[in-house]
Undergrad: 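This structure is in structure tokens; I'll ask about it shortly.
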Amino acid sequence: MSGSQVVTPELRQWIIEQVQAGCQPAEVLASMRSSGWDEDVAIAALEHTLQQFTADPLRVPAQGLALPPAVRVPEPALAGSPSRLWAGDREVSVLVMLRNPPLVVLGGLLSDEECDALVAAAEPRLARSETVVLETGGNEINPSRTSRGMFFGRGETPLCQRIEARIAALVNWPVVNGEGLQVLHYRPGAEYKPHHDYFDPGQPGMAAVLRRGGQRVATLVMYLNTPQQGGGTTFPDLSLEVAPIKGNAVFFSYDRPHATTRTLHGGAPVISGEKWVATKWLREGEFI
Ligand code: PD2
Ligand code: ZN
């Protein structure tokens, strides 16, 4: 409980040492949260300690401590805690809802036939998944991501169009702000280690990525099959794991490209069976 947590001089010294060693304040906050510190107490301790620390002109400058500004994000109409949401052409169940970060687990977003059709269309086009290279903005194979995947162009097929329109209606965000659907396939042992989906704006290669519609502001992971064991979507900062169930999905948004959004997430290793997902990323503006 926050009432019993006391910020000692030793803790302040530890915070300063972490920052001097090159840790970002958000990383220090995440360490404090994972060792049991109440979030409000940890933020207050960080702010107070770093304000005092950076006020000393002989020490590190205060730059880099400010958060990027918050932006508007897509959001399903969850006011009044509905158990079902209208998604333009079908109703979807609300299975779990979190306010901070905004996260909702949805039941029945896709039909079995839609899941199977997406898998069938994607399978011949799969290649080892890549991630964005921060320095250049290009793509590369990354050992932390051992799935195979492919991208559909936005609106590439009538099925893509139907799903994109459904998502747009569900989260109140224009179709044109969406990237094309990405389909991923994981075999036993394959995983996607925890990461953020937003782009780090401080990295040089990001200017080119951000020109195509600005930041990512939300993610929808749709499960196209039900693996026998493993393959959940994990949220380490929330101690949450979403079970991959065919036709269901998890949606979450992040209003700034910063770890304080607590949207760190990963695809846990598949233990047995295989896993298929489709990911939809939503941008601030029109994705071109
Ligand atoms: O496959 C997943 O569960 C998963 C987990 C984390 C997918 C993504 N991230 C992604 O495509 O960004
Ligand atoms: Zn992700």
Side-chain angles (χ1 to χ4, degrees), residues 73-74 95-96 98 101-106 109-110 115 118-119 122-123 125-134 139-152 154 160 163-164 167 171 178-200 209 213 215-254 257-259 261-283 287:
V73 295
L95 302 179
V96 175
L98 211 63
L103 180 153
V104 56
V105 182
L106 300 157
L109 177 63
L110 302 179
C115 292
L118 274 180
V119 168
E123 190 151 30
R125 290 165 58 179
L126 292 178
R128 175 77 191 265
S129 298
E130 296 180 332
T131 47
V132 174
V133 186
L134 298 177
N139 293 324
E140 69 176 6
I141 285 175
N142 181 332
S144 69
R145 194 177 186 196
T146 48
S147 55
R148 293 191 309 145
M150 57 77 68
F151 273 96
F152 288 103
R154 190 176 58 230
C160 291
I163 295 171
E164 287 163 3
I167 295 168
V171 303
E179 298 182 30
L181 285 170
Q182 179 194 226
V183 174
L184 296 174
H185 179 225
Y186 301 77
R187 292 208 162 89
E191 65 178 319
Y192 192 176
K193 293 232 167 77
H195 59 275
H196 294 99
D197 283 348
Y198 54 73
F199 305 113
D200 181 346
V209 177
Q215 263 296 351
R216 286 180 177 159
V217 287
T219 302
L220 178 72
V221 179
M222 295 166 274
Y223 304 106
L224 304 181
N225 79 324
T226 306
Q228 270 151 26
Q229 233 190 322
T233 304
T234 59
F235 294 83
D237 294 343
L238 313 176
S239 301
L240 175 70
E241 178 164 344
V242 177
I245 308 281
K246 185 173 182 175
N248 289 5
V250 58
F251 171 82
F252 54 97
S253 62
Y254 22 96
H258 200 271
T261 56
R262 301 196 298 149
T263 55
L264 185 70
H265 65 284
V270 173
I271 298 169
S272 62
E274 57 178 350
K275 173 184 171 189
W276 288 89
V277 297
T279 305
K280 181 78 175 171
W281 287 298
L282 303 176
R283 299 285 190 113
F287 177 72

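Remember, it's 1-based here, ligands and their atoms both numbered in the order they're listed.
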Undergrad: So if I count the atoms of ligand 1 from 1 in the order they appear, which ones are less than 4.0 Å from some heavy atom of Leu184?
TA: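 Checking each atom against Leu184, I get 11 (O).
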Undergrad: Mark up the atoms of ligand 1 that fall under 4.0 Å of a heavy atom belonging to Asp197, in ascending order.
TA: 12 (O)
Undergrad: How about the Zn ion (ligand 2), which protein N, O or S atoms come within less than 2.8 Å?
TA: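 Protein N/O/S atoms under 2.8 Å of the Zn ion (ligand 2): His195 NE2, Asp197 OD1, His265 NE2.
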Undergrad: Counting non-hydrogen protein atoms only, what is the nearest one to atom 11 (O) of ligand 1? Give residue, atom name and distance.
TA: Thr279 OG1, 2.9 Å
Undergrad: If only side-chain N and O atoms count, and only distance matters, is there a donor-acceptor pair under 3.5 Å linking Tyr192 with Thr233?
TA: no
Undergrad: Sort out for me which residue in Thr279, Asn248, Ile163 forms a side-chain contact (heavy atoms from CB on, under 4.5 Å) with Met222.
TA: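 By the side-chain contact (heavy atoms from CB on, under 4.5 Å) criterion, Met222 pairs with just one of Thr279, Asn248, Ile163: Ile163.
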Undergrad: Atom 2 (C) of ligand 1: which protein heavy atom is closest, and how many Å away?
TA: Lys275 NZ, 3.2 Å
Undergrad: Give yes if a backbone or side-chain nitrogen or oxygen of His265 is under 3.5 Å from a nitrogen or oxygen of ligand 1, and no if not.
TA: yes
Undergrad: Using side-chain heavy atoms (C-beta onward) and a distance below 4.5 Å, is Pro227 in contact with Tyr186?
TA: no
Undergrad: Can you list the ligand 1 atoms lying under 4.0 Å from a non-hydrogen atom of His195?
TA: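 Under 4.0 Å from His195, ligand 1 has these atoms: 6 (C), 9 (N), 12 (O).
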Undergrad: Please could you name the atoms of ligand 1 that Gly266 approaches to less than 4.0 Å, counting only its heavy atoms?
TA: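 Listed by number with element, the hits are 5 (C), 6 (C).
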Undergrad: Which residue is it: His196, His195, His258? I am looking for the one with a side-chain contact (heavy atoms from CB on, under 4.5 Å) to Thr263.
TA: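 Option passing the side-chain contact (heavy atoms from CB on, under 4.5 Å) with Thr263: His196.
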Undergrad: Tell me which protein heavy atom sits closest to atom 10 (C) of ligand 1, plus the residue, atom name and distance to 0.1 Å.
TA: Tyr192 CE1, 3.6 Å
Undergrad: With a heavy-atom distance limit of 4.0 Å, tell me whether Thr219 approaches ligand 1 through its side chain, its backbone, both, or neither.
TA: neither
Undergrad: Atoms of ligand 1 less than 4.0 Å from Tyr186 heavy atoms?
TA: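 Counting atoms of ligand 1 from 1, those under 4.0 Å from Tyr186 are 1 (O), 2 (C), 4 (C), 7 (C).
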Undergrad: Can you sort out which atoms of ligand 1 are near Trp281, meaning under 4.0 Å from one of its heavy atoms?
TA: 10 (C), 11 (O), 12 (O)
Undergrad: As an exercise, identify every atom of ligand 1 less than 4.0 angstrom from a heavy atom of Gln182.
TA: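 Within the 4.0 Å cut-off of Gln182, ligand 1 contributes 11 (O).
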Undergrad: Could you check whether the rings of Phe252 and Phe235 sit parallel, tilted or perpendicular, using 30° and 60° as the cut-offs?
TA: perpendicular
Undergrad: Quick one, Asn225 and Cys115 - any side-chain contact, counting heavy atoms below 4.5 Å?
TA: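 No; the side chains remain at least 4.5 Å from each other.
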Undergrad: Number the atoms of ligand 1 from 1 as they appear, then name those within less than 4.0 Å of a heavy atom of Val277, with their elements.
TA: 1 (O)
